[in-house]
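The chain is numbered in sequence order, starting from 1. All values derive from a computational prediction rather than experimental measurement.
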Amino acid sequence: KVLFEKLISTGKYLAPDIIAATKFDVDQKKSKSVKTGSNCLTYMQNSATYLRQESFEAIIGLIKAGEVVDAPIRRGRDIDV
């Protein structure tokens, strides 16, 4: 929470942009997990690293460019993600 608030206070990023980028990143990994049949969410950074390294920055650019997340494809078996 402290890192998040520190980023917001700089004025460089808006809270809704960071949240949307994080959701986008998770949705992409979920979609890839369904497509490949392996859990790609295990490769997620922890939240502190994600915020410190500003890993969301490129994703904010994708969202503003209109990039669309693929809808997960159901394969007949559930994948625990």
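The two residues C40 and S33 make their nearest non-hydrogen contact at N-OG, 2.8 Å.
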Enumerate donor-acceptor pairs with a distance under 3.5 Å from any side-chain N or O in residues 11-21 to protein atoms, sequence neighbours excluded.
| residue | atom | partner | partner atom | Å |
| --- | --- | --- | --- | --- |
| Y13 | OH | E54 | OE1 | 2.7 |
| Y13 | OH | E57 | OE2 | 3.1 |

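The pair D27-K23 does not count as a salt bridge, with every side-chain nitrogen at least 4.0 angstrom from each carboxylate oxygen.
Under the side chain to side chain contact (heavy atoms under 4.5 Å, CB included) criterion, A48 pairs with L3, N46, R52, sequence neighbours left out. Scanning for side chain to side chain contact (heavy atoms under 4.5 Å, CB included) contacts around E5 gives K1, with sequence neighbours left out. Here S47 pairs with nothing under the side chain to side chain contact (heavy atoms under 4.5 Å, CB included) rule; sequence neighbours left out.
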Between F24 and I60, does a side-chain contact (heavy atoms from CB on, under 4.5 Å) hold up when you go through it step by step? CA-CA 9 Å; F24 182 93; I60 289 174; over 6 Å; no
Taking it one step at a time, do M44 and D25 satisfy side-chain contact (heavy atoms from CB on, under 4.5 Å)? CA-CA 9 Å; M44 291 289 298; D25 195 16; 4.0 Å; yes
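Note: L41 CG to Q28 CD = 11.5 Å, rounded to the nearest 0.5 Å.
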